[in-house]
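What you are looking at is a predicted structure, and each value in this text was computed from that prediction instead of being measured. Note on naming: letters A, B, ... go to the chains in the order of the sequence lines (proteins, then strands), and numbering restarts at 1 for each one.
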Protein chains: 4
Amino acid sequence: MPVDASSQSRDEVLKVFRTGEIIDAARRVIMEVGYPDASMDRIAQEAGVAKGTLYLYFKNKDELLARTFAEEHDQMMDRLRKSAQSVSGYTEQLRSLVRETMGHAVDHQAFRQALHGAPDISPFGTSVSSAEIRREVEDYGGFVAEILEKGMEAGEFRKGNAAKFAMYLTQLVAGAVTAQLHRPEDDACLTSAEELTDFFLLGAQAK
Amino acid sequence: MPVDASSQSRDEVLKVFRTGEIIDAARRVIMEVGYPDASMDRIAQEAGVAKGTLYLYFKNKDELLARTFAEEHDQMMDRLRKSAQSVSGYTEQLRSLVRETMGHAVDHQAFRQALHGAPDISPFGTSVSSAEIRREVEDYGGFVAEILEKGMEAGEFRKGNAAKFAMYLTQLVAGAVTAQLHRPEDDACLTSAEELTDFFLLGAQAK
Amino acid sequence: MPVDASSQSRDEVLKVFRTGEIIDAARRVIMEVGYPDASMDRIAQEAGVAKGTLYLYFKNKDELLARTFAEEHDQMMDRLRKSAQSVSGYTEQLRSLVRETMGHAVDHQAFRQALHGAPDISPFGTSVSSAEIRREVEDYGGFVAEILEKGMEAGEFRKGNAAKFAMYLTQLVAGAVTAQLHRPEDDACLTSAEELTDFFLLGAQAK
Amino acid sequence: MPVDASSQSRDEVLKVFRTGEIIDAARRVIMEVGYPDASMDRIAQEAGVAKGTLYLYFKNKDELLARTFAEEHDQMMDRLRKSAQSVSGYTEQLRSLVRETMGHAVDHQAFRQALHGAPDISPFGTSVSSAEIRREVEDYGGFVAEILEKGMEAGEFRKGNAAKFAMYLTQLVAGAVTAQLHRPEDDACLTSAEELTDFFLLGAQAK
DNA sequence: AATGAATGAGGATTCATTCAT
DNA sequence: CATGAATGAATCCTCATTCAT
């Protein structure tokens, strides 16, 4: 049975590995040509496999792309959670959260940037259309709200609607990230994580 | 000659009129079927002209759509400017700005909502890809910054980087609008313009 | 209005003409490569138009092929009806029907033969799957049954279930046509229309 | 050597067994999803073997399907021959033949029905395209002709072209089976084996 | 200027077949 | 022998753009 066990897990590992390779290729393609022009053909080429192979690992294009997004989101959330655990005090957790979120965005800059190939939104409306996107928003928002709630109970923040405050912070962070990605030359708009957190805390800790 | 001049301006007028009609049709189509499914065929049909005619007024689809967005943005800016003029005091101007922005978004809800057909962004990144979108962001941000600067000079807000604060407010408003459009059922996330402005002012007016 | 009228009918005529050209091309392709291998690409090529053009005249492949079949069936039915009208006496009408059916089949031999590209049926089962095929069967069967009924009333045939007798004749004719198409070398199986009608009449006129 | 011989025949037996299993699986798949949707993937799954294994026993899909049809035809012919042997008198043999043919068709209804997924034929043309189908037709027709010939010599039927009469009967039976499969609700078209044989005999036994 | 028929590149997806293990 | 992951040609269909009228 060691043979069986190892051979099975070897197949499993291989499958996971391949899946990862394809998702990585998809990410690279999106970065290169933008989301709307990321075709299965192009992704297969980038992954170095035949078109048909993609369909062995993903049911269809939608699934492949959704998983590509999910992958990156999950990596970021891991990073956030780890970072939050290493810090005590909710205010500090919030600081770390903002810092790490912005850090992650910088690391994945090109990918995030590529998403915006589709002319789609003015400053007033972040797209939350697909189920995956909605999941990400709720996941992140939930995490922020959790910190805020605990902080409220602990008296670090003033009592209030944690979900709403979480939304505020999320949007502030999103805006900062976007500014960084799209107008890196405009110093006036560059915000450090600290600065942004400070601004938020003025609202959240107002006596 | 008068004849020439008048005939030319008549043509000009006609051209502008037609252009407007097409842009309106494009807006209606986007509202009806969503951005990703807004085809030239459909727009021509809605405008009551032949497909080829669209290309007499717009170089290509991209231009047509960019101008459609621009049109709507300009209408909103008009609204904001008018409203600001009717109010005295920068704090009040800011309140009016937030109120009108959110009001406009509600009035054009279907249009904004339609934009989100394309799966596009996680909470961290508002699309600012195309030149048009960039223009809109700068236009709006500039307007906000102007109010803030004057308010700073007038001592209504604490001194600081007006552009940065403008960005903060812009993002907060964007987030509130998005929440309203996409999760109208989730009361916890619904923010009134007043509430949101209050939160922002805690940061902007902190002594 | 002559201008309008003529121009409109000119478009109509053109549309009908083009439709006919494509249907003809489809028939030729089916003849050449067989039904299962008749692709839209191939048909477009044969018709001398672009792939996309096919979709201006037919909603999709199914419709194009169904109309190709319908066209041929309708031509045959026209032929049968005309021939029947030129003959008096139901027995003679039946003879003419058999004769013309077999004649038509011979004229369209290659087309009929091509249908059988799909290995599909043993001698026991004529495919009547699609709505179009069913329509053809009922159309033809109904025509035969009508002659038989009138002939029964006129005393030319013995009373009985006209529909059932129509089915018998239809199958006999189908068999003769098939034999002719697929085994033209086997004299033993070649049946003249007269011979076949005679055989049927033995059953239909038995006292 | 015995060892060799037995081991070889053991392999032979195994090969035949496997082949049979696959053919059975193919039949089940055709019954379930219809001929046009019977894929190698699906057949392999049904047979409980890997896709590649199919190609160890059959050169390609065409061969596998042809053998599947052949198998079923051979089973029917066995049934017909057995039944004919148990009956004396050629007229009776003919009756039994019609009865058994229709009985077999009913027993394998789903299989036959599944064949008709491919839109294929108008009333004028039973598919006899592939070599396999041709073989089946000749096999069946030969069997019928044999009975007819003997019956003619024995004076039970009038002298004539046995092959031709065999074809007539074959087609009548085919028609009856088809009607039964495709229009089971239309009583007018349902023919019992007896009725059909009676009709045929009017022609075959006419003095 | 206006038309709209025609174009054809490009997209997603399927599946018979092969071949390294 | 058996496997099944990988292949890639082939299929149907869409739609932005062009151009003869």
Between B/Ser9 (side chain) and B/Glu12 (backbone), is there a donor-acceptor pair under 3.5 Å?
no
Apply side chain to side chain contact (heavy atoms under 4.5 Å, CB included) to the pair C/Arg18 and C/Val49, showing each step before the final yes or no.
CA-CA 10 Å; C/Arg18 285 294 219 175; C/Val49 300; 3.9 Å; yes
For B/Thr68 against B/Ala26, the heavy-atom pair lying closest together:
OG1-CB, 3.5 Å
Minimum heavy-atom distance A/Ile43-A/Ile22, with the two atoms named:
CG2-O, 4.3 Å
Should A/Glu71 and A/Arg27 be marked as a side chain to side chain contact (heavy atoms under 4.5 Å, CB included) after you check the CA-CA gap, both sets of side-chain angles, and the distance that decides it?
CA-CA 10 Å; A/Glu71 186 73 10; A/Arg27 195 166 45 73; over 6 Å; no
Applying side chain to side chain contact (heavy atoms under 4.5 Å, CB included), can you list everything that pairs with B/Glu63, at least two apart in sequence or on another chain?
B/Phe58, B/Lys59, B/Asn60, B/Arg67
Taking only residues two or more places apart in sequence or in another chain, which ones pass salt bridge (charged side-chain N to carboxylate O under 4.0 Å, His left out) with D/Asp41?
D/Lys51
As a check on the pairing definition, encode DNA chain F in dot-bracket form, counting Watson-Crick and G-U wobble pairs whose two distances are under 3.5 Å, and using | for partners outside this strand.
.||||||||||||||||||||
For residues C/Lys61 and C/Leu65, determine if any side-chain heavy atom of one lies less than 4.5 Å from a side-chain heavy atom of the other.
yes
Per the under-4.0 Å heavy-atom filter, residues of residues 41-51 of chain D near DNA chain F come out as D/Val49, D/Ala50, D/Lys51
Rounded to the nearest 0.5 Å, how far does CZ of B/Phe17 lie from CZ of B/Arg10?
13.0 Å
Opening and closing nucleotides of DNA chain F in contact with chain B, under 4.0 Å to non-hydrogen atoms
F/dA16 to F/dT18
Set out, in order, the CA-CA distance, both residues' side-chain angles and the distance that settles side chain to side chain contact (heavy atoms under 4.5 Å, CB included) for C/Met40 and C/Leu64, then state yes or no.
CA-CA 9 Å; C/Met40 293 300 264; C/Leu64 168 47; 3.9 Å; yes
Evaluate the side chain to side chain contact (heavy atoms under 4.5 Å, CB included) criterion for residues C/Asp24 and C/Arg28: first the C-alpha distance (whole Å), next the side-chain angles of each, then the deciding distance (0.1 Å), finally the verdict.
CA-CA 6 Å; C/Asp24 256 29; C/Arg28 285 198 303 276; 3.9 Å; yes
Check A/Ile30, A/Val33, A/Val29 against A/Glu46 for a side-chain contact (heavy atoms from CB on, under 4.5 Å) and give me the one that passes.
A/Val29
Just to be sure I understand the geometry, which residues of residues 52-64 of chain C put a non-hydrogen atom under 4.0 Å away from DNA chain E?
C/Gly52, C/Thr53, C/Leu56, C/Tyr57
